[in-house]
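All ligand and atom numbering here is 1-based and tracks the order in the structure.
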Amino acid sequence: MASGARLVILGKQGAGKGTQSVRLSHYLAVPHISTGDMLRAAVKAGTEFGQLAKSYMDSGELIPDDVIMGIVEDRLAEPDASRGFLLDGFPRTAIQAEALDEMIKPHLIDLAIDLDVPTELVLKRLSSRRVCQTCGANYSLEAPPKLNWTCDLCGGEVVQRPDDTEVAIRRRLDLYDKATAPLIEFYSQRNLLVSVDGVGTPDEVMERLVAVVNKARYSRSAQ
Ligand code: ADP
Ligand code: ZN
């Protein structure tokens with residue numbers, strides 16, 4: 001991975017992909033490309049597309065493949081992604097994974113990381129999760145902001161995500177099993193998959209991630 005890392009992070013909703021991706025992308029100095037964040041930005045901007053996206057997201061459904069593929073392709077064409085990227089939330093279906101291969105040709109991704117957390121735990125995390133409406137910072141009922149649901153970082157309002165309702169959570173996890181979990185096999189067959197235990201404090205999980213990324217880098221540069 002000497003020329004900058006091209007990484008994909010997989011894992012169930014609530015596994016901690018967002019939190020860890022922010023940290024890992026800083027560590028590797030590559031852009032963190034989160035399709036969920038891009039879609040939420042479109043919703044906030046109130047564009048026609050944002051309104052359409054919101055109707056899918058709030059009920060836990062996936063945005064159609066061709067639409068999300070167009071968005072990611074445009075993003076990967078920006079100059080900052082030329083030396084690497086950390087993709088969070090994409091690919092999420094087999095069609096998207098094949099499309100990603102095409103988008104970055106002649107390169108391949110360096111590594112797909114499966115951030116593994118048991119379903120009972122993600123269910124707990126998602127139902128208590130609260131997020132800053134302005135900057136996206138994560139909180140929970142157990143670890144709220146210091147001041148009355150006001151973001152410690154930016155002063156924004158801290159709320160429950162509209163898709164963190166019980167019905168939408170169930171639908172998202174169901175779609176994860178059906179559409180996204182098969183990608184673990186897809187990348188494993190290509191020898192690109194590593195699994196990382198996502199149970200623990202954010203610092204503990206980050207340490208594990210740094211270890212697997214550095215190991216992959218080392219073995220790549222030794223080839
Ligand atoms: P989560 O993983 O917790 O569902 P995300 O922020 O990654 O959260 O995504 C939120 C929503 O955005 C998804 O439920 C889906 O509606 C939409 N979305 C994000 N990425 C994709 C994608 N690659 N394909 C289709 N829909 C997507
Ligand atoms: Zn904030």
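Here the shortest heavy-atom distance to atom 17 (C) of ligand 1, taken over Ile71, Asp37, Leu39, belongs to Leu39. Among Ile63, Thr93, Thr35, Leu126, the residue whose heavy atom lies nearest to atom 26 (N) of ligand 1 is Ile63. Distances from atom 21 (C) of ligand 1 to the heavy atoms of Arg92, Gln96, Gln13, Met69 put Arg92 nearest.
Heavy atoms only, all atoms of each residue included: Ala5 and Val30 are closest at O-CG1, 3.8 Å.
Taking every heavy atom of Gly89 and a limit of under 4.0 angstrom, the matching atoms of ligand 1 come to 20 (N), 21 (C), 22 (C), 23 (N). Taking every heavy atom of Arg129 and a limit of under 4.0 angstrom, the matching atoms of ligand 1 come to 3 (O).
Counted within 6.0 Å of CD on Glu166, heavy atoms from surrounding residues, nucleotides or ligands total 12 or fewer; the atom is thus considered open.
Taking the centre and axis of the six-membered ring of Phe186, the NZ or CZ atom of Arg190 falls inside the cone set by 45° and 6.0 Å.
The number of protein N/O/S atoms found under 2.8 Å from the Zn ion (ligand 2) is 4.
The backbone N or O of Asp152 lies less than 3.5 Å from a partner atom in the side chain of Tyr139, making a donor-acceptor pair.
Under a 4.0 angstrom heavy-atom cut-off, Lys12 registers as lying outside contact with ligand 1.
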Going through the checks in order, is the side-chain contact (heavy atoms from CB on, under 4.5 Å) test met by Leu86 and Leu28? CA-CA 9 Å; Leu86 174 50; Leu28 294 167; 5.6 Å; no
